[in-house]
Structures are given as structure tokens and as C-alpha cells.
A.B. asks: 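Dumping the structure here so I can ask a few things about it.
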Amino acid sequence: MSSTLFRTKKVEQSILDTEEPEHALKKSLSALDLTVFGVGVIIGTGIFVLTGTVAKDNAGPAVALAFVAAGVACALAALCYAEFASTVPVAGSAYTFSYASLGELPAWIIGWDLVLEFALGTAVVAVGWSGYIQSLMDNAGWVMPASLGSREGSDVFGFDILAAALVLVLTGILVLGMKLSARITSIVVAIKVTVVLVVIIAGAFLIDSSNYDPFIPKEKPVEAGSSLQAPLIQLMFGWAPSNFGVMGIFTAASVVFFAFIGFDVVATAAEETRNPQRDMPRGILGSLVICTTLYVLVSIVVTGMEHYSKLDVDAPLAEAFKATGHPWYAGFISFGAAVGLTTVCMILLLGQTRVFFAMSRDGLLPRFFSHVHPRFKTPHRPTILLGVIIAIVAGFTPLTELAALVNIGTLFAFVVVAIGVIILRRTRPDLPRSFRTPWVPVIPILSVCASLWLMINLPAETWVRFAIWMVVGFVVYFLYGRTHSRLALQEAGKEQPTAGGGTP
């Protein structure tokens with residue numbers, strides 16, 4: 001059985017599968033489109049919310065260094081993603097990379113987890129977007145009925161119609177075509193980045209240098225306790241990373257890391273890129289550099305405007321401007337956050353549908369979902385199915401319950417991709433690689449270590465949820481995927497490969 005569980009799919013076979021007319025996605029994206037996608041999904045609530053949380057609870061003004069540390073951890077993973085995405089330009093991201101290097105079961109595990117992570121991420125962002133819109137409506141005197149609005153803190157049972165409507169509208173846009181999605185994303189990202197730049201420039205004139213003293217607090221900033229849940233490392237070993245001083249920066253980095261999650265979604269669009277060998281590395285690394293720079297600048301500005309101990313946890317940027325006598329910016333920031341979250345939601349939904357599509361094309365999920373629309377050349381069936389399901393989840397589930405499910409799967413994917421780079425270098429040194437991760441295996445090993453360190457700093461509840469979902473995934477794989485995959489059918493002589501084939 002072990003030979004079937006770890007059978008790999010040749011890179012050549014994966015590429016040839018993308019050329020089958022009824023399973024082929026339209027190639028329409030450029031390096032600029034990919035960079036915009038990356039910036040669009042990375043810059044979300046993290047830049048508007050996490051800055052205040054980690055500055056107040058962990059790092060003080062040194063939260064800027066925490067963003068740098070998290071950015072470095074992401075950069076290590078991004079270098080590995082860039083090599084894979086340019087070498088295996090196929091939809092599915094970490095799932096496809098794992099199938100080519102580690103085998104079918106590890107690929108299934110990654111794909112199964114990414115489908116959940118992207119789905120929950122889309123629902124969380126949609127609910128958050130609904131909250132911003134309702135806040136803006138309240139300021140204008142339009143009050144949404146409790147039964148149709150956000151249910152956070154409310155005893156009224158209802159359906160968040162705004163969150164559900166957003167998901168359904170974005171689902172329709174994704175069905176109509178990738179280029180249309182890219183154009184809409186470009187417009188929204190331009191608005192979002194403009195808001196962020198206005199915050200940086202305007203806030204720079206309101207900085208009080210005394211607020212940077214001390215830059216790295218040596219005492220616990222919040223004596224009443226931290227807003228973070230107990231990390232796994234604390235429960236396992238009875239020790240937790242320091243909540244102040246230099247170690248507080250690394251604790252903060254494990255939190256703000258989740259503001260960066262999303263650059264890996266760019267890799268899911270590799271199959272729809274005109275020149276993936278050149279453009280995928282540019283899109284992945286370019287978007288990460290831009291967002292890290294903006295995060296650092298925003299954190300420097302906001303901790304300079306108001307002392308870190310007084311920062312608001314829920315809306316630090318808006319409240320900092322209010323504290324300095326400029327309340328107008330609060331509404332402007334809320335508007336920018338609401339507009340910006342639409343692209344985050346759409347690109348997460350995009351990533352999820354591409355992973356689902358790739359898994360169904362390989363037979364691990366029903367092949368019914370692997371057919372593209374005859375006109376728009378998009379995977380319309382999984383897009384519609386997943387869009388409707390996520391709209392229902394976002395409509396009925398409160399934000400706190402969704403947000404509790406942290407993106408542990410993304411870190412797990414980072415680990416697998418880094419290991420896959422090392423393995424594929426040894427097993428397929430002959431593959432043409434337009435981009436090569438430097439200093440292999442040092443960079444991939446550092447990426448694995450950084451990701452594992454951040455994983456053990458996650459709440460224990462997250463690990464429990466991760467384990468439960470993985471158990472369900474194993475059941476589905478052994479009952480369906482293992483016998484229905486195209487490699488299994490080829491081994492049984494029930495299907496012929498396009499060319500090449502799998503490697504037992």
C-alpha cells in the first residue's frame with residue numbers, strides 16, 4: 001500500500017493535463033496582475049487591526065521589527081514557492097507541488113487542508129467586510145435590521161445578508177473570467193494602497209518621538225494579561241515565549257505573520273499566467289516586498305502618533321488619528337478597509353476554487369468539477385458550489401467562531417513546499433528551472449524551522465481543529481480518492497495517461 005500512497009505525478013504529466021481542452025484554463029495574467037493579486041490579498045484587516053494588538057500586548061514600538069521578522073519568514077517560503085510555481089506552472093499551488101515531489105497522500109493532505117483554510121478565510125473576511133459596511137451605514141443614519149446584519153454580540157438569530165451577498169457577487173465575477181477579476185482587483189487595490197499611503201504620509205506629520213521611548217519595552221506592556229490564547233508550546237513544555245523584551249518581538253511576529261498569509265494564493269494562478277516561468281517569481285516576491293514595506297511604515301507611524309500602551313486593539317489607526325485631533329481620518333480608514341477586504345475575499349475564493357479544481361482533475365475529488373466553462377474557460381462548477389457554501393457559512397456564523405480557526409494549514413503547506421524543493425532537486429535535477437531557490441538546502445531548511453516555530457506558538461485549540469479536519473480527510477481519501485485518482489486508474493489499466501505517467 002505504501003507504494004500507492006506515495007506515488008508521484010510527473011511534472012510533465014501535470015503540464016500535459018493542463019492542455020486538455022475541457023480541463024484547460026485560459027492564460028491571461030501578467031506579472032503585474034499577479035503582483036496586484038498578491039497585494040490585494042495580503043493587505044487586509046491585518047494592517048488595520050493587528051498593529052495595535054501586538055504593539056500593546058507584546059512588542060511596543062518594536063512591532064515594526066516583528067513585521068520584518070514575519071516578512072523574512074514569509075520570504076524564505078516565497079523563494080521555495082517561486083521555484084515550484086515557475087517549474088510546475090499548474091493550478092493547485094502547494095497541492096500540485098506536493099504531488100510532484102512527495103506523493104499522492106501528502107498532496108491530498110495539503111489540498112484537503114487548503115480547501116478548508118481558504119474557505120474559512122473567505123468567510124471571515126466577508127463577515128469582517130459586513131461589519132465595516134454596517135458601521136459606515138450607521139454613521140450615515142442607515143441602521144441594518146438585527147436579523148439581516150452582523151450578529152456579533154447580538155442575541156437575535158439572523159442571517160448576515162451583506163456577507164453572503166458579497167461572496168455570491170464575487171463568485172459570479174470569478175465565473176465570468178480571470179481577466180475581469182484582475183481588472184476589478186487592480187481598481188480596488190489602487191484604492192486600498194492609496195488609503196494606506198495617506199495614513200502613512202498624514203500620520204508622519206503627527207508623530208511624537210517621545211512615544212518611541214522605550215522602543216523595545218523590557219517590561220510586560222499589559223499587566224492585566226494578554227489577548228492571545230495559550231500557545232501549544234506552553235501547554236506541552238510548561239514554557240511560553242517571553243511577552244516582553246526582545247523575545248516579545250518574536251512572539252509578536254508569530255501573530256502578525258497571519259497578516260502576510262495570502263502571497264501563496266498567487267501560486268494557485270500559475271496555470272492562468274501567460275509566462276509563468278518569468279512572471280510567477282516576480283508576482284510572489286514583488287507582492288511580498290511591497291506589503292512588508294507598507295506594514296513596517298504603518299506600524300512606525302501609528303506607534304509614533306500614540307503611545308503603544310494607549311493604542312486601541314480593535315481599530316488602532318482610526319483611534320490614533322482621533323487621539324491626535326483628526327477624527328475625519330477614522331471614517332476614511334474604515335472606508336479603505338471595507339473596500340480593501342473585497343479583494344482579499346475574492347482572491348481567497350479564487351485560490352480555493354483552483355485547489356479544488358486541480359484535485360478533481362487528478363481524480364482525488366469527483367471529476368465532474370474539473371470541466372471548465374466552454375466560453376469563459378473558468379472552473380465554474382467548483383466556483384459556484386464553493387461560493388454558495390461559503391456564503392451560507394458567512395451568513396450564519398458569527399465572526400468570533402470563524403476567526404478562532406487560525407490558518408495553521410498555510411504554515412503546514414509552507415513546510416511541505418520547502419521539503420518538496422529539496423526532494424525535487426534530488427529526484428529531478430534535469431527539470432528546467434527558470435527560477436532557482438538560492439542556497440538549497442539551507443533556505444528550505446530555514447523556511448521549515450521558521451514555519452514550525454510559528455506553528456507551535458499557535459493556540460492549542462487550533463491544533464485540535466487541525467487534527468479533526470485531517471482525520472476526516474484521511475477517511476475521504478481512503479474511501480474515495482485512493483481508488484479514483486487518475487494515477488490509480490492508470491495503474492489498473494482503466495485509463496491511459498496523456499503522456500508520461502506517474503512514478504510508483
Side-chain angles (χ1 to χ4, degrees), residues 9 14-29 37 89-96 99 107-108 110-123 126 164-182 184-185 265 267-273 345-395 472-473 476-477 479-481 483-489 495 498:
K9 184 177 181 180
S14 296
I15 296 175
L16 285 170
D17 286 347
T18 67
E19 298 173 358
E20 297 175 354
E22 59 182 4
H23 304 296
L25 299 173
K26 184 178 180 180
K27 299 182 181 295
S28 60
L29 300 179
F37 273 139
V90 178
S93 185
Y95 157 75
T96 302
Y99 214 159
W108 166 264
I110 288 296
W112 180 252
D113 192 72
L114 288 180
V115 167
L116 174 71
E117 297 299 329
F118 289 154
L120 293 175
T122 304
L166 174 66
V167 175
L168 293 177
V169 169
L170 296 179
T171 298
I173 293 173
L174 289 175
V175 169
L176 292 176
M178 179 62 86
K179 197 60 183 178
L180 174 62
S181 304
I184 294 176
T185 300
V265 180
T268 65
E271 192 173 326
E272 294 158 277
T273 304
C345 190
M346 182 169 68
I347 298 169
L348 286 174
L349 181 58
L350 164 72
Q352 186 205 33
T353 57
R354 269 44 179 186
V355 173
F356 196 98
F357 168 77
M359 295 176 73
S360 65
R361 187 167 57 188
D362 289 332
L364 294 175
L365 290 172
R367 297 278 288 276
F368 171 81
F369 296 105
S370 65
H371 295 270
V372 299
H373 193 281
R375 177 183 175 186
F376 303 121
K377 297 300 180 182
T378 57
H380 59 297
R381 292 172 178 174
T383 301
I384 294 173
L385 171 68
L386 297 171
V388 171
I389 293 175
I390 295 172
I392 294 173
V393 172
V472 175
V476 174
Y477 173 74
L479 291 181
Y480 181 88
T483 56
H484 288 78
S485 75
R486 296 184 71 176
L487 291 187
L489 295 177
E495 180 175 326
T498 305

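Quick note: numbers below take in every heavy atom, side chains included, and nothing from hydrogens, waters or symmetry partners.
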A.B. asks: For Val167 and Leu349, which heavy atoms make the closest approach, and how far apart are they?
C.D. replies: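 Where Val167 meets Leu349 most closely, the heavy atoms are O-CD2, 4.3 Å.
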A.B. asks: Who pairs with Leu25 by side chain to side chain contact (heavy atoms under 4.5 Å, CB included), at least two apart in sequence or on another chain?
C.D. replies: Ala91, Glu271, Glu272, Phe357, Val372, Pro379
A.B. asks: Report yes if some heavy atom in the side chain of Arg354 is under 4.5 Å from a heavy atom in the side chain of Val90; otherwise report no.
C.D. replies: no
A.B. asks: Taking the side chain as every heavy atom from C-beta outward, state whether Lys9 and Leu487 have any atom pair closer than 4.5 Å.
C.D. replies: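 Heavy-atom side-chain distance check passes, below 4.5 Å.
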A.B. asks: Of all the heavy-atom pairs spanning Ile390 and Ala123, show the shortest one and how long it is.
C.D. replies: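 Taking every non-hydrogen atom into account, CG2-N, 3.9 Å.
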A.B. asks: With a cut-off of 6.0 Å (strictly less than), are more than 12 heavy atoms of other residues, nucleotides or ligands near NZ of Lys377?
C.D. replies: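 Yes, the 6.0 Å shell around NZ holds more than 12 heavy atoms from other groups.
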A.B. asks: Taking the side chain as everything from C-beta on, heavy atoms only, tell me whether Val472 gets closer than 4.5 Å to Trp112.
C.D. replies: yes
A.B. asks: Starting at OH of Tyr477, measure out to OG of Ser485 and round the result to the nearest 0.5 Å.
C.D. replies: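 The OG atom of Ser485 is 6.0 Å from OH of Tyr477, to the nearest 0.5 Å.
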A.B. asks: What's the shortest heavy-atom distance between Ala269 and Leu29, and which atoms?
C.D. replies: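 Nearest heavy atoms, Ala269 then Leu29: CB-CD1, 3.9 Å.
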A.B. asks: Indicate yes or no for a side-chain donor-acceptor contact from Glu495 to the backbone of Leu489 under 3.5 Å, with no hydrogens or angles considered.
C.D. replies: no
A.B. asks: If I take atom OG from residue Ser181 and atom CG from residue Leu174, how far apart are they, to the nearest 0.5 angstrom?
C.D. replies: 4.5 Å
A.B. asks: Taking only residues two or more places apart in sequence, or in another chain, which ones meet Thr185 in a side chain to side chain contact (heavy atoms under 4.5 Å, CB included)?
C.D. replies: Val36, Phe37, Val189, Thr343, Met346, Ile347
A.B. asks: If only atom types and distance count, is the side chain of Arg361 paired as donor or acceptor with the main-chain N or O of Arg367 below 3.5 Å?
C.D. replies: no
A.B. asks: Between the side chain of Arg381 and the main-chain N/O of Ser370, is any donor-acceptor distance below 3.5 Å?
C.D. replies: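 No: the side chain of Arg381 does not pair with the backbone of Ser370.
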A.B. asks: Val265 and Gly351: which non-hydrogen atoms are nearest, and at how many Å?
C.D. replies: CG1-CA, 3.8 Å
A.B. asks: What heavy-atom pair brings Thr171 and Ile384 nearest, and what distance separates the two atoms?
C.D. replies: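 Thr171 and Ile384 have their closest heavy atoms at CG2-CA, 4.0 Å.
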A.B. asks: Classify the side-chain pair His373/Thr378 by whether it contains a donor and acceptor separated by less than 3.5 Å.
C.D. replies: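 No pair is found: no donor N or O on one side chain lies under 3.5 Å from an acceptor on the other.
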A.B. asks: Would you give the length of the straight line joining atom CZ of Phe118 to atom CG of Leu350, rounded to the nearest 0.5 angstrom?
C.D. replies: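 The CG atom of Leu350 is 9.0 Å from CZ of Phe118, to the nearest 0.5 Å.
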A.B. asks: Taking C-beta and beyond as the side chain, do Asp362 and Tyr95 meet within less than 4.5 Å on heavy atoms?
C.D. replies: yes
A.B. asks: Ser93 and Ala267: which non-hydrogen atoms are nearest, and at how many Å?
C.D. replies: OG-CB, 3.6 Å
A.B. asks: Do any N or O atoms from the side chain of Trp108 and from the backbone of Met359 form a donor-acceptor pair under 3.5 angstrom?
C.D. replies: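 Not at all, since once roles are kept as given, no pair shorter than 3.5 Å links the two residues.
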A.B. asks: Going by heavy atoms in the side chains, are Cys345 and Leu166 under 4.5 Å from each other?
C.D. replies: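 SC-SC contact between Cys345 and Leu166 confirmed.
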A.B. asks: Specify whether Phe356 and Phe369 have parallel, tilted or perpendicular ring planes, treating 30° as the upper limit for parallel and 60° as the lower limit for perpendicular.
C.D. replies: perpendicular
A.B. asks: For the atom pair OG1 (Thr383) and CG (Leu176), what is the distance rounded to the nearest 0.5 Å?
C.D. replies: 10.5 Å
